[in-house]
Amino acid sequence: MSIPGEYYLILAALLFGLGAFGLVIRRNVLIMFMCVELMLNAANLTFVTFARMLHDIGGQAAVFFVLVVAAAEVVVGLGIVVSIFRRRSTAVADDISSMKG
Amino acid sequence: MITSLLATTAAIPDILVFAAGATMILVGALGVISSRNPVHAALSLVLTLFGIAVLFIEQQADFLAAVQVIVYAGAIVVLFLFVIMFLGVNRNEDIDQEPLAGQRSMGTVIVLFAIGAIIALGVEAHWVVGPHSVSGAPGGPYQNIGNLGRSVFTTYLFAFEATAALLVIAVVGAVVLARRSGAANAEQLEPDPDHKEVAP
């Protein structure tokens with residue numbers, strides 16, 4: 001008998017919370033990106049858990065698409081970070097205030 | 001949590017694998033949010049991603065575990081490290097003082113509330129309910145890849161084609177963003193409304 005799904009879901013909730021906490025308290029854009037990845041992985045873990053508990057491949061297909069979207073998001077996000085760094089020489093979110101009204 | 005797990009019918013090897021995976025995930029996540037150095041944060045992220053892959057294998061998602069290691073721990077973290085080195089921000093930053101007064105306490109309260117709400121919702125909804133095997137069974141040993149591939153290329157074919165377009169758009173967007181064009185170097189000047197970007 002394998003582990004009940006509740007434990008995976010609680011673990012995923014904790015991981016999501018840690019990612020959200022890091023996203024809120026850290027000011028380094030790169031680390032904020034990594035925290036978004038943590039939250040995406042927590043969502044992936046719940047998808048796979050639901051796929052196992054409901055005996056349904058749809059959850060795993062969703063994880064597959066989340067992986068693709070995460071890869072695209074990282075590519076574009078890091079491109080934006082690089083181009084901001086070229087102009088402003090900073091990777092700290094508080095310093096990027098030039099777009100405010 | 002572990003002691004209550006021992007009270008369930010789960011087998012000891014399963015419990016050990018779950019405990020190892022959970023420890024890797026939580027230690028890695030704590031490392032990401034508490035590292036002063038972005039390189040250390042990226043390496044902690046690898047630990048978390050490996051822990052997720054372990055739990056994927058534990059839940060019979062073999063193909064996704066392999067993809068997790070190859071795409072996430074391989075490609076994405078390497079991309080992060082490449083950008084960190086490229087920008088030269090691989091130095092320690094001061095995280096002892098908070099830039100905004102009360103930011104951390106507020107964040108802690110909100111995040112604890114969010115975690116509590118998620119877990120309370122799960123308990124309220126009896127965690128996992130719903131019809132079984134709507135879009136096909138995940139398959140037993142050695143059948144996971146076949147079933148996932150069949151699902152992606154039949155039921156989710158439109159989404160699959162859309163991700164192909166998304167990847168092309170992302171690649172083109174990254175090239176446009178990261179390109180050092182002649183126009184981008186003149187950013188100090190007031191932009192001319194009639195200015196046409198000239199290819200170098």
*Side chain, backbone, both or neither: which part of B:S44 has a heavy atom under 4.5 Å from chain A?*
neither
_Engaged part of B:L49 at the chain A interface, taking heavy atoms whose separation is under 4.5 Å_ = side chain
_Beyond-backbone contact of A:I57 with B:N144, side-chain heavy atoms, under 4.5 angstrom_ = yes
*For chain A, the option from B:G21, B:G88, B:A29, B:A162 that forms the most heavy-atom pairs under 4.5 Å*: B:A29
*Considering heavy atoms only, which positions within residues 58-70 of chain B lie below 4.5 Å of chain A?*
B:E58, B:Q59, B:Q60, B:A61, B:F63, B:L64, B:V67, B:Q68
*Below 4.5 Å from any heavy atom of chain A, which atoms of B:I119 appear? Answer side chain, backbone, both or neither.*
side chain
*In terms of hydrophobic clustering (I, L, V, M, F, W, Y; side-chain heavy atoms under 4.5 Å; direct or indirect links), are B:I169 and B:I76 co-clustered?*
no
*Verdict with supporting geometry, B:N147 and A:Q60, side-chain contact (heavy atoms from CB on, under 4.5 Å)*: CA-CA 10 Å; B:N147 287 355; A:Q60 295 190 13; over 6 Å; no
*Heavy-atom pairs under 4.5 Å with chain A are the metric here; pick the option from B:T108, B:I84, B:T155 that has the most.*
B:T108
_Residue part contacting chain A, namely of B:F86, when any heavy atom lies under 4.5 Å_ = side chain
Which pairs of donor and acceptor atoms, one on a side chain in residues 9-33 of chain A, lie under 3.5 Å apart (sequence neighbours left out)?
| unit_1 | atom_1 | unit_2 | atom_2 | d |
| --- | --- | --- | --- | --- |
| A:R26 | NH1 | B:I33 | O | 3.0 |
| A:R26 | NH1 | B:S35 | O | 2.9 |
| A:R26 | NH2 | B:S35 | O | 2.9 |
| A:R26 | NH2 | B:E93 | OE2 | 3.0 |
| A:R27 | NH1 | A:D94 | OD1 | 3.2 |
| A:R27 | NH2 | A:V24 | O | 3.4 |
| A:N28 | OD1 | A:L30 | N | 3.0 |
| A:N28 | ND2 | B:E93 | OE2 | 3.2 |

*Atom pair CG/CG of B:L55 and A:N41 - distance to nearest 0.5 Å*: 11.0 Å
*chain A contact via B:P131 - which portion, at a heavy-atom distance below 4.5 Å*: backbone
*Between B:A41, B:P38, B:G28, B:A75, which shows the greatest number of heavy-atom pairs under 4.5 Å with chain A?*
B:A41
*asked:* At a 4.5 Å cut-off on heavy atoms, which part of B:L87 comes close to chain A: side chain, backbone, both, or neither?
replied: both
*With a 4.5 angstrom heavy-atom cut-off, which part of B:A42 approaches chain A: side chain, backbone, both or neither?*
both
*Below 4.5 Å from any heavy atom of chain A, which atoms of B:I118 appear? Answer side chain, backbone, both or neither.*
side chain
*asked:* If you count heavy-atom pairs within less than 4.5 Å of chain A, which of B:G122, B:A22, B:G173, B:A174 leads?
replied: B:A22
*asked:* I need the minimum non-hydrogen distance between B:W127 and A:F50, along with the two atoms involved.
replied: O-CE2, 3.6 Å
*Just jot down the salt bridge (Lys or Arg N to Asp or Glu O under 4.0 Å) partners of B:R36, sequence neighbours excluded, or say none.*
B:D96
*Remaining members of hydrophobic cluster (4.5 Å side-chain criterion), B:L166*: A:V69
*Look at atom NE2 of B:H132 and say whether more than 12 heavy atoms of other residues, nucleotides or ligands are closer to it than 6.0 Å.*
yes
_Residue among A:V75, A:I80, A:L78 with most heavy-atom pairs under 4.5 Å to chain B_ = A:L78
*A:F65 with B:L157, same ILVMFWY side-chain cluster at under 4.5 Å*: yes
*Between A:A72 and B:L167, what is the shortest heavy-atom contact and its length?*
CB-CD2, 4.3 Å
*Pick whichever of A:M53, A:M34, A:E73 has the most heavy-atom pairs under 4.5 Å with chain B.*
A:M34
_Non-hydrogen atoms of B:Y156 and A:G58 that approach each other most closely_ = OH-CA, 3.4 Å
*asked:* Using heavy-atom distances under 4.5 Å, tell me whether B:A114 contacts chain A through its side chain, its backbone, both, or neither.
replied: neither
_Gap separating the OG1 atom of B:T48 from the CD atom of A:E37, nearest 0.5 angstrom_ = 11.5 Å
*asked:* Grouping I, L, V, M, F, W and Y whenever their side-chain heavy atoms are under 4.5 Å apart, do B:L121 and A:L45 come out in a common cluster?
replied: no
*Heavy-atom contact with chain A under 4.5 Å, split by part of B:V83*: side chain
*Is B:I15 reachable from B:I25 through a run of I, L, V, M, F, W or Y residues, each pair having side-chain heavy atoms under 4.5 Å apart?*
yes
_Contacting moiety of B:L45, where chain A heavy atoms sit under 4.5 Å_ = side chain
*Under 4.5 Å heavy-atom distance to chain A, tell me which part of B:V129 shows up: side chain, backbone, both or neither.*
backbone
*Go through the atoms of B:V134 and report whether side chain, backbone, both or neither lie under 4.5 Å from a heavy atom of chain A.*
both
*asked:* If we define contacts as heavy-atom pairs under 4.5 Å, which of B:L148, B:V152, B:V32 has the most with chain A?
replied: B:L148
*Any side-chain heavy-atom pair of B:Y72 and A:L40 under 4.5 Å*: yes
_Verify same cluster id: B:V78, A:V36 (apolar side-chain graph, 4.5 Å)_ = no
